[in-house]
Amino acid sequence: MTEIKAPRGVRDILPDESWKWAYVLNHAHAVAGDFGYAEVHLPIFEHTELFSRGIGETTDVVEKEMYTFTDRGDRSLTLRPEATASMVRSYIEHDMAEAGQPVKLWCAGPMFRYERPQKGRYRQFWQLDFEALGSSNPMVDVEIIELSLELFRRLGLTNLEVMVNSVGCPKCRPVYKGRLMAYFGAHLDTLCESCVSRYSRNPLRILDCKNPQCRAVTEDAPGIYDSLCEDCRTHFTSVTDGMTRLGATFHVDKRLVRGLDYYTKTAYEVLSGQLGAQNAVCGGGRYDNLSEAVGGPALPSVGFATGLDRIILVMEEQGCSFGKRPAPLVYMIAQTPAVRTEAQILTASLRRSGLAVEMDYLGRSVKAQFKAASTLGARFAAIIGESEMEKGTVSLKDLESGEQVEVLRHDLAGKIRKLCESN
RNA sequence: GUGAGCGUAGCUCAAUUGGUUAGAGUACUGGACUGUGGCUCCAGAUGUUGGGGGUUCAAGUCCCCUCGCUCACCCCA
């Protein structure tokens, strides 16, 4: 029998790494609290229709990256490739319009896209997703962007680039699209093969092609600002003004477009040079028409998603702190086989008083148990041997200072606490 | 889906123009130190060389297929 391995593009987050994930998630919880976003837990699969209609039939995500399957009830279901559509679905389904607007929600969890794995890109990857639903106020756009930046600030990330743009709305985007097509139509022979196909499907995407020849052409392409309608123009100005007021550093990038159809007005990305080709740590923007696209009421909203795997990758490359790796406070050492049962009783009683305690189950030598205590990063070793057994005591060694005291068994937890406080 | 590079012990890597029993470091276990960690020394255990086929007297090494990993295109978090 051949060894079964994890499927391509998915991975195990093992103890060496999982504590770092917890660190980042803790900060996400804290920031969400400070900004007034409530956590929700959404399903990992939805009706395929939610994504095909919400994200857009002709997007790459829907066309070739979804994990779609039929269940036993013959329903077409899809592992979520992103969370925004589910958020909107949930808002509509639970009539959140009744609550004060905007409704501010966030969630964390795995997303699934069938793509060729590479640095910072997995088939199952975690996103933190924040959404403010039910407001068209540009100040909410500013809050969303500031929220993402504050999270990165608290995590100690540096050298991030914030790119902002407006992608217009159904009123003015067609106008811009027309102007783009008129422009690119005259340059079709110089564009790369995929840009030629983009020309007919979604000419805006030609703008972020990395091909040098295409870039040269897009350099002189008409910018979207001249085509924006009054509403989109003032909205965009309000957003950039708001960010400037908050002291945020950002670049207006007229090439920034989105691969998902639902974006309107504000689009933004946070980039890091540490991620290789997959350089987006965070992406988001406004999506005033997503709700209607999936059959809901008008619901102007703005939000962002950030990749947890990528955040951690960048943090590691930048040498950011993840706090302290969890370690036992006390390692219980049994000198002889005869006192092992006693060691377990002591371990249990310390744990019941809320202390992190570890002990040996391999019957290893005292020396090896001390070694394990050091390796695990325990602050104290509690030693119980024949003489302690007789006297009803435990020896307690501070592994940092090397000092050792002998205390009565029922004083052990108190003594440990006292030593922790005085230091 | 396309392209390039790479698969040897749990991990990081050796192994001459193809050459006989595939090694070292690290980690692990034990000992030196029979009740005390980090340092040092000694000993022990560990492999279908990713899998399959071919060439050859002989394959970890060369060829083909396959699987996987990595990076890039594409797309995005």
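Throughout, protein chains are lettered first and strands after them, A, B, ... in sequence-line order, and every chain is numbered starting at 1.
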Without decimals, in angstroms, what is the distance between Leu14(A) CG and C11(B) P? 12 Å
What does the 5'-to-3' dot-bracket notation of RNA chain B look like when only Watson-Crick and G-U wobble pairs under 3.5 Å count, and pairs to other strands show as |? (((((((..((((.....[...)))).(((((.......))))).....(((((..]....))))))))))))....
Confirm from the modelled atom types if Glu400(A) and G38(B) form a donor-acceptor pair under 3.5 Å, side chain to base only. no
Salt bridge Arg121(A)-Glu65(A), side-chain N to carboxylate O under 4.0 Å: no
Between protein and nucleotides 27-34 of chain B, what N or O pairs are separated by less than 3.5 Å?
from   : atom 1 : to        : atom 2 : distance (Å)
U29(B) : OP1    : Arg364(A) : NH1    : 2.2
G30(B) : OP1    : Ser365(A) : N      : 3.4

Tyr114(A), OH atom: more than 12 neighbouring heavy atoms under 6.0 Å: no
With ring centroids as reference points, do Phe35(A) and Phe130(A) lie under 6.0 angstrom apart? no
Could I get the full list of salt bridge (charged side-chain N to carboxylate O under 4.0 Å, His left out) partners for Arg255(A), not counting sequence neighbours? Glu219(A)
Mind running a 4.0 Å heavy-atom check of residues 76-84 of chain A against RNA chain B and sending the residues that fall below it, in number order? none
Consider only side-chain N and O atoms of Gln124(A) and Tyr67(A), and report whether a donor and an acceptor are under 3.5 Å apart. no
Nearest whole angstrom, please: distance from the C1' of A77(B) to the CD of Glu131(A). 13 Å
Say we look at G52(B) and C67(B): how far apart would their C1' atoms be, to the nearest angstrom? 10 Å
Could one point to a donor on the side chain of Arg121(A) or the base of C74(B) with an acceptor on the other under 3.5 Å away? yes
What nucleotide, of G37(B), A77(B), G35(B), holds the atom closest to the side chain of Ser395(A)? G35(B)
5'-most contact on RNA chain B: Gly9(A) or Gly284(A), nearest heavy atom basis? Gly9(A)
Under 3.5 Å, N/O pairs linking protein and nucleotides 4-7 of chain B:
none

Can you tell me how far C1' in A24(B) sits from the matching atom in A14(B), rounded to whole Å? 7 Å
Rounded P spacing from G25(B) to G19(B) in Å: 23 Å
Ignoring hydrogens and angles, are the base of U36(B) and the side chain of Gln369(A) linked by a donor-acceptor pair under 3.5 Å? no
Quick one: list whatever passes side-chain hydrogen bond (donor to acceptor under 3.5 Å, both in side chains) with His47(A), sequence neighbours left out. none
How would you list, by chain and number, every residue that makes a salt bridge (charged side-chain N to carboxylate O under 4.0 Å, His left out) with Arg179(A), sequence neighbours excluded? none
With respect to the side chain of Pro117(A), which nucleotide from U70(B), A77(B), U36(B) is positioned closest? U70(B)
What distance, rounded to whole Å, do you find between the two P atoms, one in C13(B) and one in U8(B)? 9 Å
Sticking with atom C1', work out how far C65(B) lies from A27(B), rounded to a whole angstrom. 37 Å
May I ask you to decide whether Arg154(A) forms a salt bridge with Glu150(A), counting only side-chain N to carboxylate O separations under 4.0 Å? yes
Crowding at CD, Glu403(A) (>12 non-hydrogen neighbours, <6.0 Å): no
Would you measure the distance from the C1' atom in G18(B) across to the matching atom in C73(B) and give it in whole Å? 37 Å
What nucleic acid atoms does Phe380(A) come within less than 4.0 Å of, heavy atoms only: base, sugar-phosphate, or nothing? nothing
Leu256(A) CG to A77(B) P: how many Å, rounded? 10 Å
In Å, rounded to the nearest 0.5 Å, how long is the span from CG of Leu42(A) to CZ of Arg80(A)? 6.5 Å
Could you walk me through whether Glu406(A) and Lys415(A) pass salt bridge (Lys or Arg N to Asp or Glu O under 4.0 Å), step by step? CA-CA 10 Å; Glu406(A) 194 169 345; Lys415(A) 180 67 180 172; over 6 Å; no
Identified side-chain contact (heavy atoms from CB on, under 4.5 Å) partner of Arg113(A) from the options Glu82(A), Arg123(A), Met66(A): Glu82(A)
Would Tyr37(A) and Glu143(A) count as a side chain to side chain donor-acceptor pair (under 3.5 Å) here? Give the steps. CA-CA 11 Å; Tyr37(A) 287 68; Glu143(A) 176 179 281; 2.6 Å; yes
Mind calculating the distance between CG (Asp360(A)) and C1' (U36(B)) to the nearest angstrom? 14 Å
If you check the Phe125(A) side chain, which of G37(B), G35(B), A77(B) turns out closest? A77(B)
Using the C1' atoms only, state how far U26(B) lies from U46(B), rounded to an integer number of Å. 13 Å
Which value, in whole Å, describes the distance between the P atoms of nucleotides C71(B) and G31(B)? 43 Å
Spacing of Met332(A) atom CE relative to G37(B) atom P, expressed in whole Å: 19 Å
Taking atom NZ as the centre, does Lys371(A) end up with more than 12 heavy-atom neighbours from other residues, nucleotides or ligands that are less than 6.0 angstrom away? no
Taking all non-hydrogen atoms of both residues into account, name the closest pair between Tyr176(A) and Ser227(A) and its distance. CD1-OG, 3.5 Å
In whole angstroms, the gap separating P of C71(B) from CD of Gln278(A) amounts to 10 Å
Per side-chain contact (heavy atoms from CB on, under 4.5 Å), Val239(A) is matched among Val302(A), Val140(A), Ile144(A), Ile145(A) by Ile145(A)
Going by number, which of residues 152-163 of chain A have a non-hydrogen atom under 4.0 Å from RNA chain B? none
Ile333(A) CD1 to U36(B) P, in whole Å, measures 11 Å
Contact list for residues 344-363 of chain A, test side chain to side chain donor-acceptor pair (under 3.5 Å), sequence neighbours left out: Asp360(A)-Arg364(A)
RNA chain B-proximal residues of residues 304-319 of chain A, any heavy atom under 4.0 Å: Ala305(A), Gly307(A), Arg310(A)
Note: Lys265(A)-Asp141(A) ion pair, threshold 4.0 Å (strictly below): no
Can you name the side-chain contact (heavy atoms from CB on, under 4.5 Å) partners of Ser76(A), sequence neighbours left out? Thr48(A), Thr68(A)
For Tyr225(A) and Phe236(A), take the angle between the two ring planes, folded into 0 to 90°, and tell me which bin it lands in: parallel under 30, tilted 30 to 60, perpendicular over 60. parallel
Among all residues two or more places apart in sequence or in another chain, which pass the salt bridge (charged side-chain N to carboxylate O under 4.0 Å, His left out) test with Glu57(A)? none
Gln118(A) side-chain N/O to A72(B) phosphate OP1/OP2 under 4.0 Å: yes
Can you figure out which of A77(B), U36(B), G35(B) approaches the side chain of Ala280(A) most closely? A77(B)
